Amino acid sequence: MINGEKLPVELKRIADKIMAGERITDEDALVLFEKGSLAFAGSLANMLRERLHGDTTYFNRNFHIEPTNVCVFSCNFCSYSQLYAHRDEGWELSMVQMLDIVRKYDGKPVTEVHIVGGVHPKMNLEFFAELMRKIKEHRPELHIKGFTAVELDYMFRKAHKTIEEGMSYLHEAGLDSLPGGGAEIFHPEIREQICADKVDADGWLNIHETAHNLGMQSNATMLYGHIEKYFHRVDHMRRLRELQDKTKGFNTFIPLKFRNKDNDMSQVPESTVTEDMKMYAVARIYLDNFPHIKAYWPMLGRQSAQLSLSFGVNDIDGTIDDTTKIYSMAGAEEQNPSMTTAQLVTLIKQAKRKPVERGTLYDVIRDYSDIDMKEIESNPLLN
Ligand code: V47
Ligand code: SF4
């Protein structure tokens with residue numbers, strides 16, 4: 001009960017703030033995590049989601065390119081990478097192979113390619129700038145969302161470029177926006193235990209700030225549900241909220257549920273569905289300056305992604321077309337993640353929400369709420 005007698009005073013005070021449209025503090029967020037029930041945090045998050053977006057739930061039509069899983073880093077939670085010394089057991093796509101993936105979508109109504117992979121010492125800034133140019137030459141309107149701050153940090157340092165020089169160079173070559181990966185948990189207490197050797201919090205935030213200052217938009221993630229405590233999550237979101245106050249360049253926050261198969265943290269149990277939904281709800285409430293909260297269905301599974309639409313989430317990413325391995329290798333239920341538009345629309349409609357196809361930057365492409373399902377299934381431009 002939100003206004004009932006049984007509600008502790010501190011939760012009532014937080015609910016009042018949220019309902020009045022005020023920003024909650026870090027302490028409030030901790031109280032929500034520690035003392036608020038899922039129903040309590042969830043109903044407040046749902047109210048905010050409906051204030052911001054009504055029933056609108058976004059998805060897009062996208063595919064991934066994962067250039068390599070060879071990586072100079074060794075994050076303990078990663079089930080995907082192969083150290084350079086063992087590169088024979090990994091994959092390295094050539095320019096031609098990556099352009100063949102893009103060509104496979106000729107005539108198909110995808111709007112975004114998401115490029116992310118391991119940090120390969122031989123795939124450098126010049127190589128990826130050339131990839132950007134070649135993709136844009138072939139399909140200029142395809143939005144390229146590419147490279148985590150981890151990949152960019154390594155690429156720029158190796159090329160002896162400042163962040164601004166490197167970012168401008170890739171942007172001019174065709175890179176449109178940045179995905180949110182590599183953020184993990186910013187707090188050094190945890191970062192040192194799960195991914196000690198890659199870019200730190202300030203480095204990650206600097207890269208996104210520079211992109212924003214150049215007019216590029218980006219996303220932000222947080223890898224949760226492993227060895228971190230609630231206050232590490234709040235600390236992570238605080239750093240993001242502060243940068244967003246400055247630049248307004250983030251589009252969406254994506255909590256990523258830790259998956260424990262075949263990695264060096266396999267002894268750590270995965271979070272429960274209740275914990276997952278609570279994470280989305282608190283994120284929606286705390287990150288009042290982030291327009292969107294995304295549930296990435298290949299990692300979360302489609303049923304939990306559907307459920308999250310009642311806990312603050314208003315975006316479930318895209319069609320994917322079985323082009324990413326990061327989550328299947330880490331044990332996600334979706335071993336070959338792929339959804340047709342009709343399946344995404346059905347999933348959203350079943351949750352009594354309004355399915356809207358978007359571009360990467362949340363430009364509305366099509367509202368599917370009144371389109372007949374048979375029409376969607378039979379029209380290749382819609383499905
Ligand atoms: O940074 C790696 C995560 C991320 C595991 O911006 C794992 O739209 C869970 O950032 N369990 C890369 N997560 C993917 C990413 C992303 C995904 C979807 C959409 C967007 C976007 C960005 O994958 C890494 C890391 O946090 N990851 N291993 C694992 N075992
Ligand atoms: Fe490399 Fe990324 Fe895996 Fe870390 S999470 S080992 S940076 S591929």
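None of the values given here were measured: they were computed from a predicted structure. We count ligands from 1, going down the list as the structure has it; atoms in each ligand are counted the same way.
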TODO: Answer yes or no: is there an ion pair linking Asp100 with Arg103, defined by an N-O contact shorter than 4.0 Å?
DONE: yes
Open item on the list: Under 6.0 Å between ring centres: does that hold for Phe147 and Phe128?
Closed with: yes
Task: Salt bridge flag under 4.0 Å for residues Arg133 and Glu130 - done: yes
Which N or O atoms of ligand 1 sit under 3.5 Å from a protein N or O, and how far apart is each pair?
| residue | atom | partner | partner atom | Å |
| --- | --- | --- | --- | --- |
| ligand 1 | 1 (O) | Gly182 | N | 2.7 |
| ligand 1 | 1 (O) | Glu184 | OE2 | 2.9 |
| ligand 1 | 6 (O) | Gly180 | N | 2.8 |
| ligand 1 | 6 (O) | Asn219 | ND2 | 3.1 |
| ligand 1 | 8 (O) | Lys145 | NZ | 2.6 |
| ligand 1 | 8 (O) | Asn219 | ND2 | 3.1 |
| ligand 1 | 8 (O) | Lys294 | NZ | 2.8 |
| ligand 1 | 10 (O) | Gly181 | N | 3.1 |
| ligand 1 | 11 (N) | Arg259 | N | 2.9 |
| ligand 1 | 23 (O) | Tyr327 | OH | 2.9 |
| ligand 1 | 26 (O) | Glu184 | OE1 | 2.5 |
| ligand 1 | 30 (N) | Phe77 | O | 2.9 |
| ligand 1 | 30 (N) | Arg259 | O | 3.0 |

Task: Shortest non-hydrogen contact from Arg358 toward Asp317 - done: NH2-CA, 4.2 Å
Open item on the list: Tell me every residue that passes side-chain hydrogen bond (donor to acceptor under 3.5 Å, both in side chains) with Thr252, counting only those two or more places apart in sequence or in another chain.
Closed with: none
Open item on the list: Under the rule for side-chain hydrogen bond (donor to acceptor under 3.5 Å, both in side chains), what residues qualify as partners of Arg259, not counting sequence neighbours?
Closed with: Glu270, Glu333
Open item on the list: Out of the candidates Ile348, Thr341, Leu347, only one should pair with Val345 under the side-chain contact (heavy atoms from CB on, under 4.5 Å) rule; please name it.
Closed with: Thr341
- [ ] Assess the side chains of Tyr80 and Asn263: does a donor N or O sit below 3.5 Å from an acceptor N or O?
- [x] no
Open item on the list: Looking at Asp235 and Arg238, is any side-chain nitrogen of the basic one under 4.0 Å from a carboxylate oxygen of the acidic one?
Closed with: yes
- [ ] Starting from atom 1 (Fe) of ligand 2, count all protein N, O or S atoms within a radius below 2.8 Å.
- [x] 1
